[in-house]
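Presented below is the structure to which this report refers.
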Amino acid sequence: MPHEWKEALDQIHADEALKQRTRQFVQQNMARQRRPPAMRVVRRTLYAACACLAVCLLAAGYYLYFTPTSIISVDINPSLELSVNRFDRVIDVTGYNEDGEQLAGTLDLLYQDFTQAVTQLLDSETVQTCLARDEFLSIAVVEIDPQQGQTILQYVSSCTAQHRNAYCYSLAPEEAEHAHETGLSYGKYKAYQEILAYTDAYTPEQINAMTMRQIRELLYSLQTGQEPSAVTPSAGGGYGHGGEHGNGNGYGRHNAE
Amino acid sequence: MRSEQAVNRAIEQYADTVKRVCVLHLKNDADTEDIFQTVFLKYALSSTAFENEEHEKAWLIRVTINACKDLLKSFFRSRMVSLEDVRERAAVPQTSSEVLETVLRLPEKYRQVVYLPYYEGYTAPEIGRILGKNVNSVYTLITRARQMLKQALGGEEFAT
């Protein structure tokens with residue numbers, strides 16, 4: 001091997017600075033390599049915990065918001081129900097007959113505070129027209145949360161105080177649990193239950209097709225033995241229902257004069 | 001993973017060898033330093049058990065050559081450098097000889113087979129193992145490299 005070649009290569013050295021930088025580089029990377037498994041596990045666990053927490057919060061939020069704690073069943077001829085959550089917001093509006101569905105479609109009740117929703121509903125042209133025709137307005141409050149149910153009942157009672165044919169009452173959830181199976185709103189279901197006590201000649205479909213006034217007349221005729229056509233549809237007081245106002249919940253109000 | 005003491009010993013013992021292999025392949029100080037550090041990091045993280053120092057040295061040379069090749073492959077597409085630029089290598093000492101300059105101008109495969117036997121003293125079978133080549137191919141490469149150098153250096157020939 002030529003001496004010059006060896007001499008030339010001998011001149012190539014790794015200087016001390018390069019070695020020192022390399023030592024530092026290697027040590028830093030070794031430290032990082034040693035640390036990561038534990039750090040990675042901690043980080044992954046943290047991410048997983050955060051993800052679980054986020055999912056749980058979302059699920060809990062969804063549950064809290066979209067679980068009804070009270071239901072307001074409004075029956076006049078349109079029958080519709082407003083589901084109210086624990087934050088007093090209307091989370092569902094369901095029409096229980098054709099008129100009810102049409103009315104629900106014309107109003108913007110969803111996610112409103114129940115006070116605004118009830119006011120809007122009662123002030124609607126459809127309800128006002130029915131009341132002007134001397135129709136009977138039934139508002140049943142299903143108290144899943146009794147405290148909120150009472151608040152709602154007080155509110156709807158005050159709202160309907162000036163209507164002589166309005167009848168507000170509360171229902172316990174167990175009283176209304178089979179209502180939807182029959183296709184009736186809670187208010188009509190309650191009346192249907194009362195009719196059933198006298199006769200089973202009427203189907204839920206027939207009851208659903210009636211206005212609340214017709215249902216009350218029918219009930220009154222069954223209670224008094226008079227023909228329905230002979231019943232004088234004078235406001236409320238004559239329907240034989242006065243004793244039941246409140247339906248055992250200790251609250252109720254009949255606006256009959 | 002090896003201990004810091006083992007890594008520091010290896011750096012102290014093989015730094016010059018690794019640097020020379022880098023200089024034979026790469027074109028500037030920055031790349032040389034990158035590969036130099038990468039090689040010793042690989043050494044630190046490797047769990048290879050070495051039979052002796054020769055085995056360890058051969059492993060480091062092979063890893064250095066492979067790392068240089070990988071870098072050159074990636075460079076080929078984005079930062080190809082002409083042969084003239086090779087002369088301006090910052091990594092090569094200013095006082096380098098004409099012989100070294102000539103060797104550096106050889107294609108990569110010839111540079112390796114000039115350096116390994118003539119400077120590090122490896123035999124053809126050992127070079128074959130380091131480079132992953134057939135022994136006959138190594139002999140052929142050595143012969144061709146010698147001829148090329150003889151031609152370039154005007155008759156001065158590398159003796160085996």
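Letters A, B, ... are given to chains in the order of the sequence lines, protein chains preceding strands, and every chain is numbered from 1. In what follows, every heavy atom counts, from backbone to side chain, and hydrogens, waters and symmetry copies are set aside.
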### Message
Rounded at 0.5 Å granularity, tell me how far CD in B/Q37 sits from CZ in A/R21.
### Response
7.0 Å
### Message
Tell me whether the count of non-hydrogen atoms from other residues, nucleotides or ligands lying under 6.0 Å of CD in A/E98 goes above 12.
### Response
no
### Message
Main chain of A/A14, side chain of B/D16: is a donor-acceptor contact present, judged purely on distance under 3.5 Å?
### Response
yes
### Query
Does some side-chain heavy atom of A/D10 sit less than 4.5 Å from a side-chain heavy atom of B/Y119?
yes
### Query
Between CG of A/L18 and OG1 of B/T32, what distance do you get to the nearest 0.5 Å?
9.0 Å
### Task
Using a cut-off of 6.0 Å, state whether more than 12 heavy atoms not belonging to B/K109 lie near its atom NZ.
no
### B/I11 to A/R23 - nearest heavy-atom pair and separation
CD1-CG, 3.7 Å
#### Entry: Side chain proximity check, A/H13 to B/K19, heavy atoms < 4.5 angstrom
no
### Message
If you count every heavy atom of other residues, nucleotides or ligands that lies below 6.0 Å from A/E174 atom CD, does the total exceed 12?
### Response
yes
#### Entry: Side-chain touch A/M30/B/V7, heavy atoms, less than 4.5 angstrom
yes
### Query
So which part of B/L41 gets closer than 4.5 Å to some heavy atom of chain A, the side chain, the backbone, both or neither?
both
### Message
Just verifying a value: how many Å separate A/F25 CZ and B/D34 CG, rounded to the nearest 0.5 Å?
### Response
8.0 Å
### Query
More than 12 foreign heavy atoms under 6.0 Å from CZ of B/R144: is that the case here?
no
### Query
Does atom CD of A/Q147 have more than 12 heavy-atom neighbours from other groups under 6.0 Å away?
no
### Message
Determine whether B/N8 and A/Q27 satisfy the following criterion, side chain to side chain contact (heavy atoms under 4.5 Å, CB included), listing intermediate values before the conclusion.
### Response
CA-CA 10 Å; B/N8 290 339; A/Q27 280 166 17; 4.0 Å; yes
## Note on the structure
Checked B/F36, B/F40, B/Y115 vs chain A; the most non-hydrogen pairs under 4.5 Å come from B/F36
